[in-house]
Amino acid sequence: MRVREWDPRVASAPEIRSLVATVNAALATDLPDDPQWVDGQVREYLSETMPGERRICWVAEDDRLPEGESEIFAAVSMLLLGDIGVLEVLVRPSLRRRGLGRQLVAVAVRRAYLEGFSTIGVEAIGGTPAIAFYESLGFEREFVETRSVLLLSAVDWPALGDMATGIGSGYRVEFHPGGPPDHLLEAYAQAKLEAQDDDDLDLAPRSSDPQRLRDSLTTLHKRGLKPYIVLALHDASGVVAGLTEVVVPAHHPERADQYDTIVVRDHRGYGIDRAIKARMLFELRAAEPGLREVQTWNAQHNESMLKVNAELGYQPDRDWYEYGADVAQLVQSLEATI
């Protein structure tokens with residue numbers, strides 16, 4: 001077994017297929033109800049980043065075969081953004097508990113240390129071995145979200161229609177596949193500022209200025225993540241009073257990912273959250289006939305949004321944890337395996 005730095009932009013097609021197979025083996029064990037990945041823009045999904053951000057990857061592979069032909073058994077990627085590095089670790093279930101994951105984390109943490117990063121974060125899925133693994137390395141739990149999943153086949157569409165039209169007077173709802181139009185970007189960015197939350201490790205920072213929003217939308221498209229946006233506009237002022245974002249990934253097109261849903265504080269209490277999320281589901285049903293599910297994540301203290309999701313038909317699935325650790329301390333504790 002060898003570990004080497006790996007660039008998905010120039011990886012061979014067999015390497016990409018091998019990585020997808022390892023992802024699917026992990027999904028089958030850890031998240032058996034989740035859809036399997038397909039090789040839909042996986043190379044782009046792994047290599048494209050926002051301006052100013054970098055992703056570095058390493059793989060563990062069979063050392064008996066030449067590079068480009070070998071089977072990938074495990075991988076780690078590290079996204080470097082702002083002052084934090086964010087890890088994703090993948091190990092084929094049949095090879096777990098042999099120190100491979102620890103070795104990959106050690107390699108990534110050493111690089112973060114050499115590049116001057118002081119903090120590193122990771123997401124871990126509740127009910128999987130990842131929880132004990134990261135805690136054993138010294139990561140500390142910082143934030144908890146609950147994932148919920150909506151089966152489109154189980155949606156009460158007549159009731160959803162009532163929600164979609166149950167918005168207070170003085171507002172109009174618009175659907176924008178691909179992203180908001182340029183003339184709304186500034187108002188859209190202003191509304192996004194409402195989503196800032198200091199309790200979160202911010203492992204997936206939000207875009208809250210017009211240029212960063214443009215960059216974010218461009219990056220989403222390059223990565224094979226098709227965005228859909230529904231806005232609630234206040235007629236009198238023209239401001240974006242509420243927004244909801246859903247992305248359909250090319251690598252699992254049967255399950256969409258809910259991104260931000262925001263209602264600006266001055267416009268709460270008019271049924272905007274229910275209306276825009278219900279409208280989104282109608283639009284997705286028409287625009288993505290192959291879509292079967294939508295998944296969303298909410299902080300456990302966000303009772304109002306959890307209530308809205310329950311009314312729409314979302315079912316709680318499992319908890320997701322964000323962990324953080326000091327890079328220097330991790331380097332010291334993992335030194336023996338680097």
Side-chain angles (χ1 to χ4, degrees), residues 26-27 30-31 34 49-50 53 55 76-90 101 104-105 108-109 112 117-150 191-208 212 216 220 225 243-247 249 255-263 265 273 277 294-310 314-330 333-334:
L27 283 173
D30 298 335
L31 295 167
D34 279 28
T49 61
M50 287 279 287
E53 299 176 0
R55 180 177 286 105
V76 60
S77 73
M78 180 172 60
L79 181 64
L80 300 173
L81 65 165
D83 59 355
I84 189 173
V86 182
L87 295 182
E88 290 187 41
V89 181
L90 170 71
L104 289 170
V105 170
V109 169
F117 286 80
S118 59
T119 304
I120 202 159
V122 69
E123 285 190 338
I125 305 168
T128 70
I131 300 297
F133 171 68
Y134 290 116
E135 290 182 353
S136 72
L137 296 181
F139 283 84
E140 296 184 358
R141 188 177 301 177
E142 303 283 352
F143 191 71
V144 183
E145 290 184 306
T146 298
R147 184 179 78 166
S148 299
V149 178
L150 173 69
K192 294 275 281 186
L193 289 173
E194 292 273 337
Q196 302 304 317
D197 185 349
D198 293 334
D199 294 335
D200 192 328
L201 255 185
D202 209 17
L203 300 189
R206 300 174 176 91
S207 301
S208 55
R212 186 166 175 84
S216 178
L220 285 174
L225 305 172
L243 62 93
T244 190
E245 308 161 332
V246 168
V247 168
R255 178 179 284 190
D257 297 328
Q258 174 79 60
Y259 281 18
D260 280 338
T261 296
I262 301 163
V263 178
R265 189 169 288 104
D273 45 7
K277 294 196 75 168
V294 182
Q295 60 185 0
T296 187
W297 290 262
N298 295 102
Q300 294 178 335
H301 59 75
N302 192 351
E303 295 180 2
S304 61
M305 192 54 67
L306 290 170
K307 183 175 184 293
V308 169
N309 286 338
Y314 282 87
Q315 297 295 318
D317 178 39
R318 65 174 71 200
D319 290 336
W320 293 58
Y321 303 97
E322 290 184 5
Y323 284 87
D326 179 83
V327 170
Q329 291 179 1
L330 271 181
S333 65
L334 291 168

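What you see is a predicted model, and the numbers here were worked out from it, not measured in a lab.
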For Lys192 and Glu245, run salt bridge (Lys or Arg N to Asp or Glu O under 4.0 Å): C-alpha distance rounded to whole Å, both residues' side-chain angles, the deciding distance at 0.1 Å, then the answer.
CA-CA 11 Å; Lys192 294 275 281 186; Glu245 308 161 332; 2.8 Å; yes
Trace of the salt bridge (Lys or Arg N to Asp or Glu O under 4.0 Å) decision for Arg147 with Asp34:
CA-CA 12 Å; Arg147 184 179 78 166; Asp34 279 28; 2.9 Å; yes
Apply side-chain contact (heavy atoms from CB on, under 4.5 Å) to the pair Leu87 and Met78, showing each step before the final yes or no.
CA-CA 5 Å; Leu87 295 182; Met78 180 172 60; 3.8 Å; yes
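Annotation: the span from Leu150 atom CG to Arg255 atom CZ amounts to 10.5 Å, rounded to 0.5 Å.
In this structure, the side chain to side chain contact (heavy atoms under 4.5 Å, CB included) partners of Ser304, at least two apart in sequence or on a different chain, are Asn302. Residues passing the side chain to side chain contact (heavy atoms under 4.5 Å, CB included) test with Asp257 are Pro249, His252, Tyr259, Gln295, Trp297, sequence neighbours excluded. Residues meeting the side-chain hydrogen bond (donor to acceptor under 3.5 Å, both in side chains) test with Asp319, sequence neighbours left out: Thr146, Gln300. Scanning for ring-ring contact (aromatic ring centres under 6.0 Å, His included) contacts around Tyr134 gives Phe139, with sequence neighbours left out. With sequence neighbours excluded, the residues satisfying side chain to side chain contact (heavy atoms under 4.5 Å, CB included) with Ala328 are Tyr113, Asp326. Annotation: side chain to side chain contact (heavy atoms under 4.5 Å, CB included) contacts of Val263 (sequence neighbours excluded): Arg268, Ile272, Asp273.
A salt bridge does not link Arg141 with Glu322: none of the charged nitrogens is closer than 4.0 Å to a carboxylate oxygen. Ion pair Arg212/Glu53 flagged as a salt bridge, since at least one NZ, NE, NH1 or NH2 atom sits closer than 4.0 Å to an Asp/Glu carboxylate oxygen.
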